[in-house]
Amino acid sequence: MSQPLWGFALNLGIILTLAACGGGGSGSDSGDASGGSNQLDRQARMTFVNTAREQVNVFVQNGSDASTASLFTTGNMQGGPISDSTHREYVHRWGGSSAQPVSIGIWDTKYQLEEEPAQTNALLNNGEDWWTIVWLDGETTNSFRVSAIRRDNDDDVPDDQYGFRVFTNTDIKIEYQSATATGSTNVAAGKVSSTILMASCGDQFEISATKGQDGEVVAPQQLDLCLPNLEPGDTYLLITSDDAILYAVEE
């Protein structure tokens, strides 16, 4: 599995990774949502990433837009407690040949449903890899959000370049310049950028965030992408908050 490159800006050293491969499915042997085979012969890998500062549990249930009462049950708990700045793997299995819609929920391990949980949907296809990212909308610890995005397993990154995608918990603008690429892109909170190819990890890569009720723009901040164990030819997911990298991991 991919190893994390660094953690929250306030933490020093290398993150200790928690990794556990789930052997079960969705907590149900009923097959896919369309009533297909009971044999769980389809699967997708989901990697839960926690950047929310508090320990969380993750729940997965077949079907979209599950109710709180049906989703947040012991049988659907697939990850946890997951500490901040760590990630954990889980394999979701289902039967039949169709894609499988799922509901994904997270709650604070300590307070559970005493705090408002977060929820999202994803449509899984057999053999896919997904990130499920837990993040904070703002500075309060009860403003949990969760986003599911497909992992980028693209092998088209040239051997002498680096690929970066940026996931952000606030609206940002990215400006970059290197020998092979120059440009800018906006990324909304809870979304991920397309892959940006850079010739060197030390090239210009700046982020500016829009904050405050008046929408003032913070001066662009240069990000240091020369992370431990960075290898050319690979793609990395950077999870950011304002102008800081919370977590970085190889795709």
Side-chain angles (χ1 to χ4, degrees), residues 1-4 17-52 55-83 86-109 112-113 116-135 144-155 165 167 190-192 195 235 237 239 247 249-251:
M1 63 174 290
S2 301
Q3 297 297 318
T17 301
L18 298 180
C21 293
S26 63
S28 170
D29 292 331
S30 59
D32 67 2
S34 61
S37 170
N38 287 332
Q39 182 179 357
L40 304 181
D41 54 356
R42 300 289 184 268
Q43 67 178 44
R45 181 176 61 155
M46 306 177 73
T47 303
F48 308 134
V49 184
N50 181 17
T51 66
Q55 285 190 338
V56 299
N57 295 86
V58 183
F59 300 77
V60 183
Q61 180 181 358
N62 285 344
S64 299
D65 299 318
S67 67
T68 298
S70 66
L71 176 58
F72 291 91
T73 63
T74 302
N76 292 329
M77 186 184 297
Q78 305 298 349
I82 304 175
S83 300
T86 63
H87 65 268
R88 187 186 302 269
E89 287 190 358
Y90 157 68
V91 177
H92 189 78
R93 294 182 171 87
W94 69 96
S97 59
S98 64
Q100 177 62 62
V102 294
S103 296
I104 304 167
I106 65 101
W107 72 18
D108 184 306
T109 300
Q112 301 181 5
L113 292 178
E116 183 178 356
Q119 185 174 336
T120 192
N121 298 317
L123 182 63
L124 308 180
N125 288 284
N126 186 46
E128 286 182 338
D129 290 334
W130 284 74
W131 295 113
T132 298
I133 302 171
V134 181
W135 51 285
F144 286 119
R145 297 291 184 268
V146 58
S147 297
I149 60 174
R150 277 189 293 272
R151 293 177 67 162
D152 183 4
N153 296 321
D154 192 352
D155 295 328
R165 291 201 303 166
F167 178 93
K191 304 297 182 181
V192 67
T195 301
T235 302
L237 178 70
I239 302 175
Y247 201 78
V249 67
E250 182 182 345
E251 297 245 37

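Distance check: Thr68 OG1 to Gln119 CD gives 6.0 Å after rounding to the nearest 0.5 Å. Interatomic distance, Thr132 OG1 to His92 NE2, rounded to the nearest 0.5 Å: 11.0 Å. One distance of note links CZ of Phe167 with OG1 of Thr51; it measures 7.0 Å at 0.5 Å rounding. Taking CZ from Arg150 and CG from Asn125, the interatomic distance works out to 7.5 Å, rounded to the nearest 0.5 Å. For the atom pair Ser103 OG and Gln61 CD, the distance stands at 6.0 Å (nearest 0.5 Å).
Of the possible polar contacts, none joining the Asn50 side chain to the Thr86 backbone as a donor-acceptor pair under 3.5 Å is found.
Ile133 is listed as a side-chain neighbour of Ile149, based on a closest heavy-atom distance under 4.5 Å. With contacts defined as side-chain heavy-atom distances shorter than 4.5 Å, the pair Trp131/Arg165 qualifies. Between Asn62 and Gln100, the closest side-chain pair of non-hydrogen atoms falls below 4.5 Å. Put simply, the side chain of Val56 does not reach to within 4.5 Å of the side chain of Asp108, judged on heavy atoms. Side-chain contact between Phe144 and Pro117 is absent, with no heavy-atom pair separated by less than 4.5 Å. Side-chain atoms of Ile82 and Asn57, non-hydrogen and from C-beta on, never get closer than 4.5 Å to each other. Side-chain atoms of Met46 and Leu124, non-hydrogen and from C-beta on, do get closer than 4.5 Å to each other. Counting heavy atoms from C-beta outward, Val49 and Ile239 have side chains that approach closer than 4.5 Å.
Scanning all heavy atoms of the two residues, the minimum distance from Leu123 to Ala99 falls at CD1-CB, 3.8 Å. Taking each heavy atom of Ile104 and Leu71 in turn, the nearest pair found is C-CD2, 4.1 Å. Between Ser83 and Gln55, the shortest heavy-atom contact is OG-NE2, 3.3 Å. Here the closest non-hydrogen pair linking Trp135 and Gly190 is CZ2-CA, 3.4 Å.
Considering Thr195, Asp129, Thr47, Asp152 as possible partners of Glu251, the one that fulfils the side chain to side chain contact (heavy atoms under 4.5 Å, CB included) test is Asp152.
Between Tyr90 and Phe48, the ring-plane angle classifies as parallel under the 30° and 60° cut-offs. By the 30° and 60° cut-offs, the orientation of the rings of Trp107 relative to Phe59 is perpendicular.
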Could you walk me through whether Ser67 and Ser70 pass the side chain to side chain donor-acceptor pair (under 3.5 Å) test, one step at a time? CA-CA 5 Å; Ser67 67; Ser70 66; 3.0 Å; yes

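Trp94 does not carry Arg42 over the face of its six-membered ring by the limits of under 6.0 Å from the centre and within 45° of the normal.
Taking the charged nitrogens against the carboxylate oxygens, Glu128 and Arg45 have no contact shorter than 4.0 Å, which rules out a salt bridge.
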